[in-house]
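Here's the structure we're looking at; comments come further down.
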Amino acid sequence: MKPDESLEQAARQRGYAIVCGCDEAGAGPLMGPVCAGAVILPPGCNIPGLDDSKKLTEKKREALYALITERAAAWAVASVSAAEIDATDILSARIRAMALAIEALTLRPDYVLIDGNRDHGRCASIDLPHETVVGGDGRSVSIAAASILAKVTRDRYVTQVLDREYPQYLFAQHKGYGTKLHYAMLDQYGPCPEHRQSFLKKWKERQS
């Protein structure tokens with residue numbers, strides 16, 4: 001099943017003219033920011049091959065990123081740093097990144113479709129009229145588009161910025177996820193300023 005426009009159409013039928021999809025990427029890795037995308041697609045906008053970012057190859061995501069940013073009525077991306085994730089918590093950081101992406105849109109949405117089942121954390125919330133959609137990146141075209149923008153934005157930052165700043169960790173290979181390679185690099189070099197200290201508790205216990 002591919003994402004379609006039925007959730008957007010249902011919202012428009014309820015009187016919400018401008019409907020935005022929102023999703024984030026990078027909740028799981030041990031390092032780097034969490035990134036979010038917000039996308040408003042024009043009604044009837046067709047982007048061939050659009051799907052949940054997790055089902056697509058990196059090459060396909062990059063191609064779709066170009067199409068989405070070209071055809072969207074409005075789009076924005078935002079991020080929350082590793083330091084802020086540690087200072088709050090990952091749920092709050094995810095919600096804050098999505099709220100920042102929505103705020104950065106050049107069109108103000110009337111209604112937001114949010115991937116997942118959470119719309120607020122301890123210190124962040126989505127305040128516009130909205131609904132949460134479990135598995136939204138596989139159901140809604142605008143959430144799928146947002147998931148691609150979020151994933152590509154984060155991957156580019158990790159591979160083009162953080163990998164160059166901290167080459168010893170080989171971030172471009174594992175994107176910061178808790179792989180054997182990443183843990184081996186942590187064992188060898190210890191954490192860098194981009195590591196989420198709150199995500200390294202088990203690793204630290206093993207070191208002590």
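Atom CD1 of Ile47 and atom CD of Glu70 lie 9.0 Å apart (nearest 0.5 Å). A distance of 8.5 Å separates SG of Cys192 from CD of Glu165, quoted to the nearest 0.5 Å. Atom NZ in Lys54 sits 4.0 Å away from atom CG in Asp137 (nearest 0.5 Å). Atoms CG and CD, from Asp89 and Glu84 in turn, are 10.5 Å apart once rounded to the nearest 0.5 Å. A distance of 6.5 Å separates CD in Glu62 from CD in Glu58, rounded to the nearest 0.5 Å. Atom-to-atom distance recorded for Lys204:NZ and Gln197:CD is 4.0 Å, nearest 0.5 angstrom.
Around atom CZ of Arg118, no more than 12 heavy atoms belonging to other residues, nucleotides or ligands sit under 6.0 Å away. Counting heavy-atom neighbours within 6.0 Å of Arg96 CZ, excluding the residue itself, gives a total of 12 or less.
Although no hydrogens or angles enter the test, the distance criterion places a donor-acceptor pair under 3.5 Å between the side chain of Asp163 and the main chain of Phe171. One N or O on the side chain of Asp110 and one on the backbone of Ala17 form a donor-acceptor pair closer than 3.5 Å. Ser147 contributes no side-chain N or O that, together with a main-chain N or O of Asp52, makes up a donor-acceptor pair within less than 3.5 Å. At distances below 3.5 Å, not a single donor-acceptor pair connects side-chain atoms of Asp119 with backbone N or O atoms of Ile126. Remark: side-chain polar atoms of Thr159 are paired, donor with acceptor, to backbone N or O of Asp155 under 3.5 angstrom. Proximity of a side-chain donor or acceptor of Arg196 to a complementary backbone N or O of Gly32 within less than 3.5 Å is detected.
Cluster annotation: Phe199 and Val158 are assigned to distinct hydrophobic clusters (Ile/Leu/Val/Met/Phe/Trp/Tyr, side-chain heavy-atom contacts under 4.5 Å, transitive). Under the 4.5 Å side-chain heavy-atom criterion for grouping Ile, Leu, Val, Met, Phe, Trp and Tyr, Leu56 is connected to Leu67 within one hydrophobic cluster. Clustering ILVMFWY residues whenever any of their side-chain heavy atoms sit less than 4.5 angstrom apart, transitively, puts Ile114 in a cluster other than the one holding Val19. The hydrophobic cluster containing Val77 also contains Leu64, counting ILVMFWY residues as joined when their side-chain heavy atoms lie under 4.5 angstrom apart, directly or transitively. Note on Val34 and Leu100: same hydrophobic cluster, where clusters join Ile, Leu, Val, Met, Phe, Trp and Tyr whose side-chain heavy atoms are under 4.5 Å apart, directly or indirectly.
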Can you give the donor-acceptor pairs under 3.5 Å from side chains of residues 23-31 to other protein atoms, not counting sequence neighbours?
residue: Glu24; atom: OE2; partner: Arg94; partner atom: NE; Å: 2.8
residue: Glu24; atom: OE2; partner: Arg94; partner atom: NH2; Å: 3.4

For residues 101-108, run the donor-acceptor check on the side chains, cut-off 3.5 Å, and write out each pair with its distance to 0.1 Å, sequence neighbours left out.
none

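His182 and His195 have tilted rings, their planes meeting at an angle from 30° to 60° on a 0 to 90° scale. A perpendicular orientation is assigned to the rings of Tyr169 and Tyr166, their planes being inclined by more than 60° (bins at 30° and 60°).
Considering only heavy atoms from C-beta on, Leu50 comes within 4.5 Å of Ile148 through its side chain. Using a 4.5 Å cut-off on side-chain heavy atoms (C-beta onward), Thr153 and Ser79 make no contact. Between Cys35 and Tyr157 the shortest side-chain heavy-atom distance does not fall below 4.5 Å. Under the 4.5 Å side-chain criterion, counting only non-hydrogen atoms from C-beta, Arg71 is not in contact with Pro42. A 4.5 Å side-chain heavy-atom check between Val161 and Arg156 finds every atom pair outside the cut-off. Between Asp187 and Gln207, the closest side-chain pair of non-hydrogen atoms falls below 4.5 Å. Under the 4.5 Å side-chain criterion, counting only non-hydrogen atoms from C-beta, Ser142 is not in contact with Ile40. Contact annotation: the side chain of Pro3 approaches that of Asp51 to within less than 4.5 Å [non-hydrogen atoms, C-beta and beyond].
Residues Glu194 and Ala82 share a closest heavy-atom pair of O-CB, 3.4 Å. The nearest pair of heavy atoms linking Ala145 to Leu41 is CB-CD1, 4.4 Å. Closest heavy-atom contact between Glu5 and Arg12: OE2-NH2, 2.7 Å. Summarising the geometry of Ala97 relative to Val80, their closest heavy-atom pair is N-CG2, 3.7 Å, with the distance given to 0.1 Å. The nearest pair of heavy atoms linking Asn46 to Pro48 is O-CD, 3.6 Å. Closest approach of Trp203 to Pro191, counting heavy atoms only: CH2-CD, 3.7 Å.
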For Thr132 and Asn117, what are the C-alpha separation, side-chain angles and deciding distance, and is it a side-chain hydrogen bond (donor to acceptor under 3.5 Å, both in side chains)?
CA-CA 5 Å; Thr132 55; Asn117 63 354; over 6 Å; no
Give the intermediate values and the outcome of side-chain contact (heavy atoms from CB on, under 4.5 Å) for residues Leu7 and Glu131.
CA-CA 10 Å; Leu7 290 167; Glu131 69 186 272; 4.1 Å; yes
Residues Glu8, Tyr111; criterion side-chain hydrogen bond (donor to acceptor under 3.5 Å, both in side chains); working and verdict
CA-CA 9 Å; Glu8 288 83 353; Tyr111 197 75; over 6 Å; no
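Remark: His130 engages no residue in a ring-ring contact (aromatic ring centres under 6.0 Å, His included) (not counting sequence neighbours).
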